[in-house]
Structure formats: C-alpha cells, structure tokens
2 protein chains.
Amino acid sequence: MSVKPPRHRLPPLNAMRAFEAAARLGGISRAADELCVTPGAVAQHIKALEDWAGAALFSRHARGVTLSDLGQRCLGDFEAAFDQLHMATQNLRIRAAPNSIRIAALPSLAQLWLSPRMPGLRARFPDARISVAALEQPPNMEREGYDISVFLETNADGSASPAEVLAADHILPVCAPALAAQLQHPADLADVLWLRDSIWEQDWALWLEKAAVELPNLPDSVSFSLYSLAVEEACNGAGVLMGHKALVERHLSDGSLVAPFADVVPTGKVITARLRSGDQRDLPAQILAALRLTRA
Amino acid sequence: MSVKPPRHRLPPLNAMRAFEAAARLGGISRAADELCVTPGAVAQHIKALEDWAGAALFSRHARGVTLSDLGQRCLGDFEAAFDQLHMATQNLRIRAAPNSIRIAALPSLAQLWLSPRMPGLRARFPDARISVAALEQPPNMEREGYDISVFLETNADGSASPAEVLAADHILPVCAPALAAQLQHPADLADVLWLRDSIWEQDWALWLEKAAVELPNLPDSVSFSLYSLAVEEACNGAGVLMGHKALVERHLSDGSLVAPFADVVPTGKVITARLRSGDQRDLPAQILAALRLTRA
DNA sequence: TTACTAGGCATAGAAAAACTAAGGCAAGTG
DNA sequence: CACTTGCCTTAGTTTTTCTATGCCTAGTAA
C-alpha cells in the first residue's frame, strides 16, 4: 500500500490571474475589463483564492476595493510571476514564428504615418511578416504580444525602456486647395468650418496662441474620432483641419492638401517608437532603424 | 468609436502548466500523474498550446515523446515562470498563516522518529501549528507546500539546499524479549521468522555481511509495506526485525524490544532535514534546530 | 431629504472548458 | 508472436467558469 500523496495543489491558476489583475489595477471592474469577463467572474475567482489562503486579500467598500495588508505584500510576487509567464509565452511565440513582427500604433499614426511606410519596409524585409494593430493606449509590451510600439508621447517621458524618437509633432492649418483661396489672412479662419479630432481638441487653441492669431469669434466645428477621417474630409473640401505635419506630409506633397499659412507650431510631443524588452531577435531593432530612414 | 483592442490573450494557463510538467518530467503520463488527471487531458492541453504557437513542442514517438527543438528552448522559461508562481503561492500561504508549519517525512520516520518528538516540539512552540505528511518520496519543496522535509538520504547527497543531518542510520536485529531467549548465537537467526520492510529489503543482507554472520540457510520472512507495522509485529513477538536504531530506540529503552546481538551496522544513510528555500520566517529553522535537540 | 450612480456581492442558470473512458496504433520486449 | 508501454483520438459527461440579474452601500447631486 503505497502512501499516495494528498497532493498539495496550487490554487486555481485563473484565480491567481484574477487576483493579480485586480490588485495591480486596483479594482475588480478594471480587472474584469482587462481579462474580458464580467466583474462577477473576477469576484468569484478572487473569493476562491481567498478561501484557499484562508484570509482576505481585499477589503471591500461600497465604492471599490482596496488591497488588504496581506494582499499588498503578495501583489509583488504574483506580478513578477505573471510577468515571467508572459515573457515565456512571448518567447514561445517569437521562437515559433521568428519572422512575425507585431506593431502597435496609435490609430492615426498607423494609418497616416506607418501605413505609407509599409511598402518600403516590406521591400527591405521581404521575409518579415509585419502586422499592425491600432490601439488608443500604448500596451504593456512585455505582456501583450507587441514587438514594436509607435505612439505620440510628450517629450519629457523619460521612460527607462529604449525609446526612439521618430519625428517631432508640429501642427499647422491645412485644407483643400479650393478652400485655400478663401484664406488670405489668418483672420479668415473665423469664417470657415473647422475640422477637429476628438482626442486632440486643443490643437486649434494651441496653434492660435503660438501663432499669435486672434479671432473675433470662433467658427463652427465638427469633430471626428479618427484623425484619418478628418483628413479625408479636409481633402474633400469640407473645412480646415489642424494638420499634424508628419501625418499630412504626403497630402501636402501630392497637393491634395495645402497649408494656407506658414506658421508651424510644435506641440511638445514626439512620435516615439519602442521595442519590447527581452526580445532576443535582431529583426525588431532593424525594422525600427529602417522606420527612421524610410520615407513615405 | 473607440478602437477596442482585439486583445492579445495569453494561451490558456492550464495548457502552459501541462506543457511545463510534461516537458520537465519527459512524458505525458508522468505529467498526468503529477497533475492528477488522465494522460488524455494533458495531451489535449499540450495540443492546445501547440495550436496557439502554431508549431510542435514535442515530437511523438510510439514510446513516449521527446521535446522538439522549440520545446527545448522554451522549457526553461516556463519552468522559471511556474517556479515563481509556486513561490508566490507559498508566500501567500505563509503570510496568511505564519504559524503553520508543514513537515513532509518518510512514513517510517514520521511515525517512529518524528511522532515521539512532536510533544516536545509542541511544548517548545505552543503557537506553531505543525502538520505532518507521510510521503514515499521527498517532495519538491519549493513547489509543494512543505516547509521542512525529513528523509533518509545517502551520505553523499551533497545537494545545494541547506540540509541538516539529524542522525546516522544504523541497523541491528531486534525482537520481543520472549523471543530473544531463543537467540543465543547469531546462527540461531536461521531458525526464526524474519520481519522485513518492503522498501528496505536488503537490510538483512547488509547486516549479515557487515556483522560477518554466515547462516546455513535463510529462514522464512514476511514483509510489511510500512515499517511501523513491522515494528508492531516485532513487539507482538511475531519474529525478528532488522531494526533501524533511530526508529526503535524508544522500544529498546522501554523494553518492548530488545537487541539480542550487539553488532550495529551503519547503512551509509542519514536522516536528513531540509528547509524550504525562500521561506522568510524564522520559525521553520527554529523548529529544525529544536528537532536536533529534542529527545523522544 | 431624496434620488441617483458607482462598484461590488450573491445566486441561479447557461455556456464553455476540462476530464474520463474506451478503442486504436506503433514500437519495443519476452 | 503475443504483450506491454505510451500516446492519440473521439464521444460523452462532469466540472468549472461565466453571465445575468437583483440587491446593497456609500458617496454625489438635486
């Protein structure tokens, strides 16, 4: 009669994942969002882990939860463990498909800056399989499976990770050539429809201030949730768009858009690319380097 | 319209666990055994991970599997990640119940060496909650939830982890006092029933050799899968047992067993205690130290 | 005071995942 | 040549996980 171990099982892996997410993000709802499940599911997982441990990891309040003393002390361990697990899966992914490159980019950058450069990139790296995902927020690159990110950051963002500045961000009004005829002086801007991007609402105010333009009144404006839609509409002659130089350079050079006023204003932001740390390949860095040099 | 991420999900956690176990143990059946499921379940998990990666992690043969090149290179990552996950759960456990101490011990040691010392231990550490599990094999202490292990090891086992020698292992024949009357000379051993432990079958041969005893014939013997059962039977006068000194010392001192012959033979093994590395408490080390000094 | 809202809890039922059992196969072994 | 070992596959079942719903509490606004 061999003594069969009443084996000490690990608590359920999913329960640990739920705890880690909720503790890191500071809320069950936020964890649920990250894990793509309902808050109820996360709450159940966390309860399961608490039952396993026999102690509370969170203290519950009417509005949200806070980590208990125990939870506080354990968060670091679990965070590190899951970091490693993510690292392991990323390594598995890139070893299984070494030529696969995933780029995460701001939607506007993906469409107006990155997209024109893709043909050049593909020509330079014919073996690479480059996919692009448009994200509103920069992802955690070590955790989600992106090898390169391209986002707009304020110049001061001195993060530790290896960042590469691809271009500065400058703005100036742009519009279709036909509409430009109506704009002789900056003051004429008060008489045309303005096109805005909904996440860059302050662009116009910034430009007016820095270009020292004073208008008697602010005209009507329409906003778009995607900058590329606003650019399309500007090309169609719908109005005047506050153009980001790096994003409309192609339209300016092919004449589909023109800049009626020369005042170019820096926004204080830069287009920044980052590599995923821990990637053992050379390809991502090569692609990033090529990205600096590639013209649209 | 916010751009909702087509979130990059991790592969299923259980699939990773199955891969890690199968890769580490070198077989699906062995992994199934460790995970307490059927091999079919493990095979399915591994296939799921391979599908996620888009490449094979094992090459299948008729007799067993071997790691593919890819699997080989990924094993280390996953092993490290799960090591950390186990570490995190152990830390959670001991933080939630700092006075809980779990000891893993060989069944015979648990019953005959450890058990008599427990009262002394409890008196010395009244707050500690000491539980004991009897295991045939030493557990992976970093992974399974044991804080102290007590096993019989060959002297040479120079493992890196902090080991503490509690006692050397010596053997000599023992029996009930009544039976001892029949044993005047070692040669008389040929005429009595021998009691054996099924995992220490060679004890008798070793003792006969080292004690330079030659017998004309070997007598009948019965074996027990638990040494403590054999000890009981010896006390009952059922026969002569090859006694391990450290395990029968209490019976020898209270007279329920006697040693008819004085030849004590070392087996080359030692009772060894180990602490789980990474334990941030002092209590386990204190208990181990006390264990050295505690008398039965 | 009186809604109203946000965030979390509890429960039941539904959906999905995991597991088992059974049959099959291929290559060593006696 | 039969037997054993170790794995695969599939179908069906069990278990887990998730969602949906209603409820509760404490801030916030009217």
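Residue numbers start from 1 in every chain, and the chains themselves are labelled A, B, ... in the order their sequence lines are given, proteins ahead of strands.
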Exercise. Say whether His244(B) and Asp197(B), considering side chains only, have a donor N or O and an acceptor N or O under 3.5 Å apart.
Key: no
When rounded to whole Å, the NE2 to C1' distance for the pair His45(A) and dA10(C) reads 16 Å
request  = For the pair Arg102(B) and Asp147(B), find out whether any cationic side-chain nitrogen is under 4.0 Å from an anionic carboxylate oxygen.
outcome  = no
Atom CD1 of Ile46(A) and atom C1' of dA10(C) are separated, to the nearest Å, by 15 Å
From CG of Leu25(A) across to C1' of dG8(C) the rounded distance in Å is 16 Å
Check: dG7(C) phosphate, OP1 or OP2: any side-chain N/O from Arg60(A) under 4.0 angstrom?
Finding: no
Rounded to whole Å, CZ of Arg30(A) lies from P of dA6(C) at a distance of 14 Å
Between Arg281(B) (side chain only) and Pro98(B) (backbone N and O only), is there a donor and an acceptor less than 3.5 Å apart? yes
In whole angstroms, the gap separating C1' of dC9(C) from CD1 of Ile28(A) amounts to 9 Å
From CG of Asp33(B) across to P of dC19(C) the rounded distance in Å is 15 Å
OP1 or OP2 of dA21(C) sitting under 4.0 Å from any side-chain N/O of Thr38(B)? no
Arg30(B)/Asp33(B) ion pair, N-O < 4.0 Å: no
| request: Would you mind classifying the nucleic acid contact of Ala43(A) as base, sugar-phosphate or nothing, using non-hydrogen atoms under 4.0 angstrom? | output: sugar-phosphate
Contact span of DNA chain D against chain B, any nucleotide atom under 4.0 Å from a heavy atom, 5' to 3', runs dT4(D) to dA11(D)
note: Phe58(A), atom CZ; dG7(C), atom P; distance rounded to Å ~ 15 Å
Exercise. Are a donor atom and an acceptor atom from the side chains of Arg129(B) and Ser100(B) found within less than 3.5 Å of each other?
Worked result: no
When rounded to whole Å, the NZ to C1' distance for the pair Lys47(B) and dA17(C) reads 17 Å
Can you tell me if Thr267(B) uses its side chain to pair, donor with acceptor, with the backbone of Asp169(B) under 3.5 Å? yes
Between Ala18(A) and Leu35(A) the two heavy atoms that sit nearest each other are CA-CD1, 4.0 Å
